[in-house]
Amino acid sequence: MSQGEFSLYVRTSEDVKTVIEHAKLSENDLKSNVQPIYFSDSFEKYKMLELDEHILKDLKCGQKVVFKGEQNESAVLCTENKTYDVKEAETSNSILLLPELTFPNEDVVDEQLTIRKVVSLFHTYYEVKPCRPRLKKLRNLLEKCSYKGSELENEVLTSNEMYNFEKLSALIQASDNELKCALKDLGAFQIDGYWRVLEFDYECRTLSFLLNLIDEQSWPYNMFPMEECSKILNELLPPVIVEHIIDKYSVWCVSMNLSQTHRSLIEDKVCRFMAVGLLRPCDKFNLSDFKTAWQGSVPEGMTTNLKQLEGTVLVDLSSHPQTICYFNEQELPDNIMDRMQYLFEVRGKWTFNEIQPFVEKLATDKVNVNNLLAKYARATNVDGIRFYCSKHSKHNK
Amino acid sequence: MSCQHFQISEKTMILVKLINNGCSSPPEWAAIEVQGELESRHHSQLECQYIGDLFATIKDNAPILIIGHHILYGKMLTFEKPLAVMRKKGETEEYIVEAIVTKKLLFKDRPKPIIANAKKS
């Protein structure tokens, strides 16, 4: 860096000496290296982004780091594994950027004057804060183009946008790994490279085919022969659907000699699906009638239990008779404030165990369900039982 | 300090990449943070202007910045989270991280005048 670039004013060691005197400083107390600071001849338009160790590491490894957001969405920053909320923070201070500077604790050369240039000046930077992926949109997008059966497939393909992973990754405010997990949670699968979910009624039909077959053949639900089962179902359904439905509702048997030939239905998943099938068409169900109907609907040998329905239903134990209704966590708003407001509109007060399944997904490593409730709800004690209700009194019932 | 949500214009996705300078990581730059705004005399443009002299004390490695007739005592700090210096690459959907800033000299106190009867600038 030569001083010649600065035609306006050149700092000399005489000038510096004078300044030290004026400031009543003693040259003996100061390090010999003095750095006159200049603005550079042009300023760059930089954006400043806060990085945490994970983002920095991912950048250094050449992993994908990306801002995501459509025009109506506030942006997030995604690495391979994590999602961050991004906000522009403004400070009243001025921050100067210098590509080169000797910090006071660094001892250097005998040079007396080293000119330093400020290449940019800023007051704002992007703050990042780990957040939950925003996944509600994923469900909405996939449900619009859900698979309804081979006879309707042409119509779906021609009248809807279809999504491969790349397209979803660009549209969904989640990291790729979070997106992969969310697709799995949704029970999504691929047909010809596009991610799909089964339409609910169609899924009911296909799962019944599987359950009826197991029943007809008198196979134990936790040990049915894979090959024979798919062979029969393939005559009724497209193979890709048979594969999906078996994959979604069963696992390979654990026993060594059956681990490649026989599968076992996943009890909790089958029970949950049957419950949703019963509850979805109606507003409310008498709880004890429901329990009877539900147990009757699942394959022999399976035991239904309300615990299987956490995050999927609301049970009202205070009404007479007691009732149950369908209430799916996956359909609630992603934004914590909106979600809490919605929850308190649906029900005035909740116990911890009741509300937990509907808030759990918004918790992070640092902020657990208790922290979220402390921040976004009001706790009260009624007859020794702790309830959570809205912070805004108008919602209190 | 104020905060607002950040929106990315038009495009749904903007990649962030490190500058490819043949090193495994971008160069480390420094920041100097001062209170308020920096203005030049007569409000002329800032480019190329001389700002002031930066000193360091021998005893405790403290930075001292003298700007015009003002003296600023500061300290060295490490950012809790480092800052990436990003530049939008042309009209593309990419930000290039050209440098990383992990340390700053913070002059958070109001500058002190050094000469009692300084000439008005």
Side-chain angles (χ1 to χ4, degrees), chain A residues 6 8-9 11 16 19 22-23 25 29-31 34-52 56 59-60 64-71 74-75 86-99 101 103-105 116 118 121 125-127 170-171, chain B residues 1-10 12-16 18 24-25 27 29-38 46-59 61-64 66 71 76 81-88 95 97-101 103-105 108 114-115:
Chain A
F6 298 92
L8 286 177
Y9 177 75
R11 202 77 185 137
V16 172
V19 154
H22 278 190
L25 297 171
D29 294 338
L30 302 172
K31 295 194 177 182
V34 179
Q35 300 173 87
I37 314 274
Y38 284 76
F39 282 115
S40 140
D41 50 7
S42 69
F43 290 162
E44 296 290 345
K45 277 194 183 153
Y46 288 121
K47 295 269 185 202
M48 306 300 291
L49 170 71
E50 246 185 21
L51 302 174
D52 72 0
L56 189 57
L59 278 171
K60 283 184 177 172
K64 195 168 96 175
V65 175
V66 64
F67 286 107
K68 285 184 189 181
E70 291 195 89
Q71 267 179 314
S74 70
V86 183
K87 277 180 188 164
E88 189 168 39
E90 194 172 351
T91 129
S92 58
N93 289 354
S94 302
I95 305 175
L96 311 173
L97 266 187
L98 301 96
L101 187 75
F103 279 92
N105 61 339
R116 300 303 190 194
V118 172
L121 182 141
Y125 58 92
Y126 296 129
E127 268 186 344
L171 287 169
Chain B
M1 194 139 115
S2 69
C3 260
Q4 58 186 73
H5 276 285
F6 159 57
Q7 282 176 328
I8 54 182
S9 55
E10 291 168 39
T12 60
M13 223 163 70
I14 301 178
L15 269 175
V16 181
L18 289 190
S24 61
S25 59
W29 286 6
I32 295 179
E33 183 171 340
V34 294
Q35 209 195 38
E37 295 284 338
L38 278 177
L46 298 174
E47 282 86 341
C48 295
Q49 299 266 9
Y50 159 72
I51 303 170
D53 295 329
L54 178 67
F55 302 91
T57 62
I58 293 171
K59 206 173 138 205
N61 289 335
I64 295 175
I66 297 179
I71 184 161
M76 192 179 90
K81 293 176 183 167
L83 287 173
V85 182
M86 308 189 299
R87 190 215 299 262
K88 187 93 173 274
Y95 275 123
V97 177
E98 298 196 351
I100 305 273
V101 186
K103 285 184 291 187
K104 69 176 169 185
L105 297 180
K108 67 169 186 204
I114 37 180
I115 299 165

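Each chain gets a letter, A, B and so on, in the order the sequences are listed, and its residues count up from 1. What you see is a predicted model, and the numbers here were worked out from it, not measured in a lab.
Residues B/I14 and A/V66 come closest through the heavy atom pair O-CG2, 3.2 Å. Closest approach of A/K45 and B/R87 over heavy atoms only: O-CG, 4.3 Å. The minimum heavy-atom distance linking B/I58 with A/K31 is given by the pair CG1-N, 3.6 Å.
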Walk me through it: do A/R116 and B/L54 pass the test side-chain contact (heavy atoms from CB on, under 4.5 Å)? CA-CA 9 Å; A/R116 300 303 190 194; B/L54 178 67; over 6 Å; no
Show your reasoning for whether side-chain contact (heavy atoms from CB on, under 4.5 Å) applies to A/L101 and B/L105. CA-CA 10 Å; A/L101 187 75; B/L105 297 180; 3.9 Å; yes
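Ranked by non-hydrogen atom pairs under 4.5 Å with chain A, the options B/T57, B/I71, B/L15, B/V34 are led by B/V34. Among the candidates A/L56, A/D52, A/L59, the residue making the largest number of heavy-atom pairs closer than 4.5 Å to chain B is A/L59. Counting heavy-atom pairs closer than 4.5 Å to chain B, the top residue among A/V34, A/L25, A/V16, A/L49 is A/L49. Per-residue heavy-atom pair counts under 4.5 Å with chain B were compared for A/I37, A/D29, A/V19, and the maximum is reached by A/I37. For the options B/Q35, B/K108, B/E37, heavy-atom pairs under 4.5 Å to chain A are most numerous at B/E37. Ranking A/P99, A/A170, A/P36 against chain B, the residue ahead of the rest is A/P99, based on heavy-atom pairs under 4.5 Å. Between chain B and the options A/I95, A/L171, A/L51, A/L97, heavy-atom pairs under 4.5 Å are most frequent for A/L51.
In this structure, A/K47 fails the cation-pi test against B/Y95, since its NZ or CZ atom is not both closer than 6.0 Å to the six-membered ring centre and inside 45 degrees of the ring normal.
Both the backbone and the side chain of B/P82 come within contact range of chain A, judged by heavy atoms closer than 4.5 Å. For A/K60, the parts lying near chain B are the backbone and the side chain together; criterion is any non-hydrogen pair under 4.5 Å. Both the backbone and the side chain of A/E50 come within contact range of chain B, judged by heavy atoms closer than 4.5 Å.
Atom CZ of A/F39 and atom CD1 of B/I51 lie 3.5 Å apart (nearest 0.5 Å).
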